[in-house]
There are 2 protein chains.
Amino acid sequence: MADTPATVISIASIKAACRSCTLKELCLPLGLDEADINALDRLIRRRQTLKKGQTLYRLGDSLRALYAIRQGSMKTTGLMEDGRVQVTGFHLPGELLGIDAINTDQHPCSAEALETTEICEIPYHALEDLALKVPGLQHQLLRIMSREIARDQQMLMTLGRMAAEERVASCLLSFSQRHARLGRDGAHFKLSMSRQDLGDYLGLALETVSRLLSRLQEEGLIEVSGRHITIRNVHALKSLGGGGEMDRSASG
Amino acid sequence: MADTPATVISIASIKAACRSCTLKELCLPLGLDEADINALDRLIRRRQTLKKGQTLYRLGDSLRALYAIRQGSMKTTGLMEDGRVQVTGFHLPGELLGIDAINTDQHPCSAEALETTEICEIPYHALEDLALKVPGLQHQLLRIMSREIARDQQMLMTLGRMAAEERVASCLLSFSQRHARLGRDGAHFKLSMSRQDLGDYLGLALETVSRLLSRLQEEGLIEVSGRHITIRNVHALKSLGGGGEMDRSASG
DNA sequence: CGAATAGTTGAGCCTGGTCAACAAGAGTGG
DNA sequence: CCACTCTTGTTGACCAGGCTCAACTATTCG
């Protein structure tokens, strides 16, 4: 079985290559031509698989690479001295992690897999160098960072000005839209995070999240069965949650 | 008086030039050498002065330029359909506005002057082009955007997990630190925004902000006289507000 | 100087947090 | 495959932080 290593490597690298990745229109390669994607490909270190609960990096780690999610999901969390947690984001395939570390070369948050998750590792300094040579890549990188800023600011509004029920509705809509963009059913999905995680994301107690999911179900807007969510009335949900996280994203 | 236009223009452009700007170590020019700063200078459109209440751009405006604050202060605000407001940031000299618009080429928030404010306008597409040629500029741009993401995520923690008194303390510390970085007295400063603005930033009612400023004064941590704030006990304030907005900033 | 805006303080209420008990899944080993 | 345990989720009772409404005071601005 050790007689065809070249073939094995080649198959592996094709599988992981950006140019054959179904996510390339959602990820860094967006807008790049074949040659540029190949250049990007050369720089990407091959896949890494994390199991549920494993961390990709921790608060304070120095920045070595950015990470793109191929499959699965992650959460990023910030921490206060007294142990209070804020989930700063849930991340789905095609999304880029670690960009908040560029400023200080240290990660200001930790990233943990919510389920078995596959990751592409993109050495950061090489990426920056390549971005100088590939205008489309620089642009896409700036766009992704700008999108993250706009998303976070939308989240500031969610936390600062929305009532608890609105926050939960907004969050569900966001998941729904992001699932749909991945080509999945936006009306039915499974949450990969706990009620606690949702509460730490939405600035609510886990009991409140649970109660509000129940209430939204009673109101006929959704159906809940543990972590399985079915959207029953998108319109009513939107009138509560303000259209979800606005995500005038990379494809706009 | 119209007989020396050349001289007048020249003086004006020297005054506005990045290379002679006291803020260059806090702004885009950080880390650039003389030649690169000059290239950046050529691209910057000259100063514009906004009076209190004037807007630099509004939600939905298309992105033409980024803006650096030379003097004064601004707030950026997001809006919900029903009129609820979230202040997404207060901005002091040396800070860059508009980077959240890169993603969609449209500003997702409005920017309004809190007092008489001077602005440098940096045409965005020209800046992106220049960043391809000047590695230090690309890096600084990425850093500034990364810093904004880290700041916003810190703010998510403030809104999601801090009690009202902690939020106010954290906000005051942040102002204090940013004033100090501008070479001003970090222990005594004048707020340029109303209690309403602070509330819209911190996710609180304006009455709550007012009450908590009074309470912090009673507790001996600060002195308040209208918009004049004196920090009396930084340590106690930090133990409340968690060290202010972490701002391991551009100079790190 | 008067009007309008901004800030302070009080009273009462309500949303969402805390504490607690229980139920339902998920993972493990016999 | 089932029993046991541990984790996760649900629901209730009660409490309190912060919001709303309101009256009053202090500034700012014309």
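Per chain, numbering begins at 1; letters A, B, ... match sequence-line order. Note that this is a predicted model, so its numbers are computed, not measured.
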Please report the distance, rounded to the nearest Å, between [atom1] in [X] and [atom2] in [N].
X	N	atom1	atom2	answer
A:E115	C:dA26	CD	P	14 Å
A:Q196	D:dG9	CD	P	9 Å
A:L159	C:dG17	CG	P	12 Å
B:R227	C:dT8	CZ	P	10 Å
A:L198	C:dG17	CG	P	13 Å
A:I229	D:dG9	CD1	P	11 Å
B:R195	D:dC19	CZ	P	15 Å
B:R84	D:dT20	CZ	P	10 Å

Can you list everything that forms a side chain to side chain contact (heavy atoms under 4.5 Å, CB included) with [X]? Sequence neighbours excluded, please.
X	result
A:S192	A:S73, A:L114, A:E115
B:K24	B:P29, B:I37
B:L182	B:L23, B:L26, B:L92, B:P93, B:R184

TODO: Could you name each residue pair satisfying salt bridge (charged side-chain N to carboxylate O under 4.0 Å, His left out) that touches residues 215-229 of chain B, not counting sequence neighbours?
DONE: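 Applying salt bridge (charged side-chain N to carboxylate O under 4.0 Å, His left out) to every pair that reaches into residues 215-229 of chain B, excluding sequence neighbours, yields B:E165-B:R215, B:E223-B:R232.
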Task: Residue mapping more 5' on DNA chain D - nearest nucleotide basis, A:R161 or A:V224 - done: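 Of the two residues, A:V224 wins.
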Open item on the list: Base, sugar-phosphate or nothing for A:G203? Non-hydrogen atoms, less than 4.0 Å.
Closed with: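 Counting heavy atoms under 4.0 Å across all strands, the contact made by A:G203 is with sugar-phosphate only.
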Open item on the list: Counting only heavy atoms and a strict 4.0 angstrom limit, can you tell me which residues of residues 204-222 of chain B come near DNA chain C?
Closed with: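 Contacts with DNA chain C under 4.0 Å: B:L206, B:E207, B:S210, B:R211, B:S214.
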- [ ] Output all residues satisfying ring pair (Phe, Tyr, Trp, His ring centres under 6.0 Å) with B:F90, sequence neighbours left out; order by chain, then residue number.
- [x]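 Scan of B:F90 (ring pair (Phe, Tyr, Trp, His ring centres under 6.0 Å), adjacent residues dropped) gives B:F175, B:Y201.
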Open item on the list: Any non-hydrogen side-chain atom of B:I119 less than 4.5 Å from a side-chain atom of B:I69?
Closed with: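 Yes, at least one pair of side-chain atoms sits under 4.5 Å.
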TODO: Check whether any side-chain heavy atom of B:E121 sits under 4.5 Å from a side-chain heavy atom of B:Q48, and report yes or no.
DONE: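 Of all side-chain heavy-atom pairs linking B:Q48 with B:E121, at least one is under 4.5 Å.
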Open item on the list: Based on the rotation axes of five pairs at each end, what angle does the helix from C:dC1-D:dG30 to C:dG30-D:dC1 bend through, to 10°?
Closed with: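 For the helix from C:dC1-D:dG30 to C:dG30-D:dC1, the axes at either end differ by 50°.
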Task: Any pair counted as side chain to side chain donor-acceptor pair (under 3.5 Å), so long as it reaches residues 54-68 of chain B, sequence neighbours left out - done: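 Side chain to side chain donor-acceptor pair (under 3.5 Å) check on residues 54-68 of chain B returns no pairs.
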Task: Any residue meeting salt bridge (Lys or Arg N to Asp or Glu O under 4.0 Å) with A:R161, in chain and number order, not counting sequence neighbours - done: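 Testing A:R161 for salt bridge (Lys or Arg N to Asp or Glu O under 4.0 Å), a comparison that skips the adjacent residues, returns B:D200.
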Open item on the list: Going by the rule salt bridge (Lys or Arg N to Asp or Glu O under 4.0 Å), which residues pair with B:E166 if we only count those two or more places apart in sequence or in a different chain?
Closed with: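 Per chain and number, B:E166 pairs via salt bridge (Lys or Arg N to Asp or Glu O under 4.0 Å) with A:R84.
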Could you pull out every donor-acceptor pair under 3.5 Å between side chains of residues 204-211 of chain B and any protein atom, sequence neighbours left out?
none

Set out, line by line, the N/O atom pairs under 3.5 Å between protein and nucleotides 24-26 of chain D.
none

